[in-house]
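Written out below as C-alpha cells is the structure these notes cover.
Atoms considered below: every heavy atom in the structure, side chains included; atoms not considered: hydrogens, waters and symmetry mates. Since we're looking at a predicted model, the values are computed, not measured.
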Amino acid sequence: MRNPAFQRTLKKTVEFAGVGLHSGEACRVVLTPAAADAGIIFQRTDLAAPDNVIAAIPENVACANHGTTLINEAGVSVATVEHLMAALALTGVDNVTVEIDGPEIPILDGSAAAFVTEIAQAGLSELRSRRRPLVITETERVADGERSIKVAPHAGRLVEIEIDFDDCLIGRQSLCLDLDDPAVIARLASARTFCRLNEVEALRAAGLIRGGALSNGIVVDGDRVLNEEPLRDPAEFALHKALDLIGDLYLLGGPVIGRIHAVKPGHDLNTRAALYLKQAQAETPQPARATA
C-alpha cells in the first residue's frame, strides 16, 4: 500500500469484542471516525470523562513488558495496544477514536488479522490535512546491549528483522519487508504472538497472560508447537516481532519513511526508539533527523 498524501479516517464505525491477553477481562472496542489532526485517541468508556482519554503518543508509554501500555496524566491506562496500532499503521488510518470499556485491547487470535480485515471492509475517508511522515535523513541507532534498532534513509518503507531463539524450534530468523507491498501486509497481519512453554508459569506468576490460550497465541515447547493449528507462515515468529515494532512505532502518529533494521526487538526497545524519533522530529526542521 503506497502512502497517501492526505490523512485518512474510517468511513464508519468498526466493533470488536474479546478478552485481554494479560488481564483476562472481557472488553468491547469501537473504532469511530475522527477529524483531521486528531490522531489516535483511546477513550475508556467505563470511566468518567474527561480523565478517560489517552493519546497514542510515545510520551504516554507507561509499561512495555510483554505488551505496550499507555497512561494519561490522570493515571488512566489502556494495555496491549500494539496489535491494533499495527493494524492502523498497515491500513493507513491516521485519525480514529478507540472506545474501550475495559483496561486492555482484546487479543482476539493473537494477530492483527481481524483488525485489518474489519478496517478494510469499513473503508477509509480522505481528509483535507496532509500526512506528516517521519522522513529519515541520517543513519542512527538505538541499542540495548546486543539488541538494537537502526534507522537509515530510504525512499520507501523497509523493515528488516532479526530474531534469535536458538534454544527452541523458533531458532534464528531474518526478514526484509517492504511495507508498500500488499502481500507483505497480509503476512504481517496474520502473524500471531508467541511464547515458550517454560515462560508461561513465570508470566502468570507476574500477573500476566491471564487470558492466554492456544486459541490466541503460539506456544513453543522445545522443538514442537503445542497448537493444533500449524504455523501460518514459515517466518511467523519474525513476522510477529515486525508487527509489534510497526505498531509501537505508529505512536509517532504517521509512517516512518526509511529503512528500519531491528535486531532482537521488543516493546521496551521499540517504544524507546519511538520516543527518540519523536524528540528529534520536534527539534529538527522537516524532513526530520532521527537521533538516538
Evaluate the criterion side-chain hydrogen bond (donor to acceptor under 3.5 Å, both in side chains) for residue pair Thr68 and Asp248; output intermediate values, then yes/no. CA-CA 8 Å; Thr68 299; Asp248 288 333; 2.7 Å; yes

Could you tell me if the ring centre of His261 sits under 6.0 Å from that of His154?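 When the ring centroids of His261 and His154 are compared, they turn out to be at least 6.0 Å apart.
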
Grouping I, L, V, M, F, W and Y whenever their side-chain heavy atoms are under 4.5 Å apart, do Val29 and Val19 come out in a common cluster?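 No, Val29 and Val19 fall in different hydrophobic clusters.
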
What about Val184 and Ile119, same hydrophobic cluster or not, with Ile/Leu/Val/Met/Phe/Trp/Tyr joined at side-chain heavy-atom distances under 4.5 Å?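 Shared cluster, no.
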
Neighbour count above 12 (heavy atom, 6.0 Å) for Gln121 CD: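 Yes.
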
For the pair [X] and [Y], find out whether any cationic side-chain nitrogen is under 4.0 Å from an anionic carboxylate oxygen.
X      : Y      : answer
Asp94  : Arg131 : yes
Arg196 : Asp167 : yes
Glu162 : Arg172 : no
Lys264 : Glu146 : yes
Asp101 : Arg28  : no
Asp221 : Arg224 : yes

Output the distance between atom CZ (Arg232) and atom OG (Ser111), rounded to the nearest 0.5 Å.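 It is 5.0 Å, given to the nearest 0.5 Å.
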
Output the distance between atom CZ (Arg8) and atom OG1 (Thr91), rounded to the nearest 0.5 Å.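 Reported value, rounded in 0.5 Å steps: 7.5 Å.
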
Donor-acceptor check, side chain of Glu140 to backbone of Lys150, threshold 3.5 angstrom: yes or no?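 Side chain of Glu140 to backbone of Lys150, a donor-acceptor pair under 3.5 Å: no, none is there.
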
Can you list the residues that meet the salt bridge (charged side-chain N to carboxylate O under 4.0 Å, His left out) rule with Asp37, with sequence neighbours excluded?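 In terms of salt bridge (charged side-chain N to carboxylate O under 4.0 Å, His left out), with neighbours along the sequence ignored, Asp37 is linked to Arg132.
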
Does a side chain donor of either Glu99 or Thr45 reach within less than 3.5 Å of an acceptor in the other side chain?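 Not at all, the side chains of Glu99 and Thr45 share no donor-acceptor pair under 3.5 Å.
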
